[in-house]
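Below: the structure, in structure tokens.
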Amino acid sequence: MRRVEQICAAALVACGLTCGVNDARATPAAPSPAAPAPAIAPDRALAREIITRLGQVPERTRPFHETREIAALTRPLVTSGVLIFHRPAYLRQSTLVPHHEEMILDGNAASIQRGTDSAHVVALDQSPALAMLATTLRAPLEGDIAALDRYYTLSATGDDRTWMLVMTPAHPDATRFVRTVSLWGRNNVIDRLRVVLANGDVQTLTIDSCSGDP
């Protein structure tokens, strides 16, 4: 199980990086005059608006190019492939170059397959750390703010057209793997993701444009 956790941690940068449609905002509910909601700082309010908008897209497919800067290596590792998300709770990262690797999160299961080897499958409820990683990967796409709040403090800069979202670990299971997760995007499309892992390694996922992007 520890090996699967390590591979999933390395695949963390798959979070949210798939095609979206043009901006489609949900109309916020009117606050109750009898029990007004507490005020939210502007940067946190924008973060919640971004997550809500990302969650309005039920399925996504997008090619990616990833760079991993690892302290033990003299040059970055560069890979590319395709990310696929659809409801309910399905996310697949297919790495095609330089070697084939499949990571699938499907409901309560995480599976890893490299090349022609058999897939290694682990139930998320058997590993709190893997459950946290699955939340990091899927919750932004599902618009699940409550799930992200269990592990991260969310903040954002910019506006609803061009933004940067920062997820700062606030739970021991998150700080075990991650220092920060930063996403850049437009409307409900994520263009780039940068993850600084707990050991100082940096992973950057750059997303190819799709037709229909704003």
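Residues: numbered from 1 along the sequence shown. Only this structure's heavy atoms are used, side chains among them; waters, hydrogens and symmetry mates stay out.
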Charged N to carboxylate O below 4.0 Å: is that the case for D191 and R186? yes
Check this for me, if you would: do R48 and D149 make a salt bridge, where the nitrogen-to-carboxylate-oxygen distance has to be below 4.0 angstrom?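 Answer for the salt bridge query: yes.
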I'd like to check [X] versus [Y] (side-chain heavy atoms, cut-off strictly below 4.5 Å). Are they in contact?
{"X": "M167", "Y": "T136", "answer": "yes"}
{"X": "V202", "Y": "V195", "answer": "no"}
{"X": "R192", "Y": "L183", "answer": "no"}
{"X": "V82", "Y": "T61", "answer": "yes"}
{"X": "R62", "Y": "V189", "answer": "yes"}
{"X": "I190", "Y": "W163", "answer": "yes"}
{"X": "E59", "Y": "V57", "answer": "no"}
{"X": "I84", "Y": "L91", "answer": "no"}

Locate the shortest heavy-atom distance separating [X] from [Y]; write the atom from each residue and the value.
{"X": "V166", "Y": "M164", "answer": "CG2-CE, 3.7 Å"}
{"X": "L193", "Y": "S182", "answer": "CD1-O, 3.2 Å"}
{"X": "L124", "Y": "A109", "answer": "CG-N, 4.2 Å"}
{"X": "L46", "Y": "G158", "answer": "CD2-O, 3.6 Å"}
{"X": "A89", "Y": "R138", "answer": "O-NH1, 2.8 Å"}
{"X": "I51", "Y": "L148", "answer": "CD1-CD1, 3.8 Å"}

Worked verdict on F85 versus E142 for side chain to side chain contact (heavy atoms under 4.5 Å, CB included): CA-CA 10 Å; F85 166 80; E142 295 175 332; 3.7 Å; yes
Taking it one step at a time, do R194 and W184 satisfy side chain to side chain contact (heavy atoms under 4.5 Å, CB included)? CA-CA 9 Å; R194 184 176 185 267; W184 291 261; 3.7 Å; yes
What's the spacing between [X] [atom1] and [Y] [atom2] if we round to 0.5 Å?
{"X": "L141", "Y": "H86", "atom1": "CG", "atom2": "NE2", "answer": "12.0 Å"}
{"X": "E66", "Y": "T204", "atom1": "CD", "atom2": "OG1", "answer": "8.5 Å"}
{"X": "R44", "Y": "L154", "atom1": "CZ", "atom2": "CG", "answer": "6.5 Å"}
{"X": "H100", "Y": "D117", "atom1": "NE2", "atom2": "CG", "answer": "12.0 Å"}
{"X": "L105", "Y": "S111", "atom1": "CG", "atom2": "OG", "answer": "7.5 Å"}
{"X": "I50", "Y": "S155", "atom1": "CD1", "atom2": "OG", "answer": "9.5 Å"}

Spell out, as yes or no, whether a donor-acceptor pair under 3.5 Å connects the side chain of D159 to the backbone of T162. yes
So, Y152 and T135: side-chain donor and acceptor under 3.5 Å apart, yes or no?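 No, T135 and Y152 have no side-chain donor paired with an acceptor closer than 3.5 Å.
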Can you confirm whether the side chains of E101 and H99 place a donor and an acceptor under 3.5 Å from each other?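 Judged by distance alone, the side chains do not pair up.
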If hydrophobic clusters are built from ILVMFWY residues whose side chains come within less than 4.5 Å, do F177 and I70 share one? no
Residue of the set L205, T67, T95 for which side-chain contact (heavy atoms from CB on, under 4.5 Å) holds with T79: T95
Run the side chain to side chain contact (heavy atoms under 4.5 Å, CB included) check on Q113 and H120 step by step: do they pass? CA-CA 6 Å; Q113 182 178 19; H120 189 167; over 6 Å; no
Start with the C-alpha distance between L137 and M103, add both sets of side-chain angles, then the distance that settles side chain to side chain contact (heavy atoms under 4.5 Å, CB included), and finish with yes or no. CA-CA 11 Å; L137 293 166; M103 186 195 75; 3.7 Å; yes
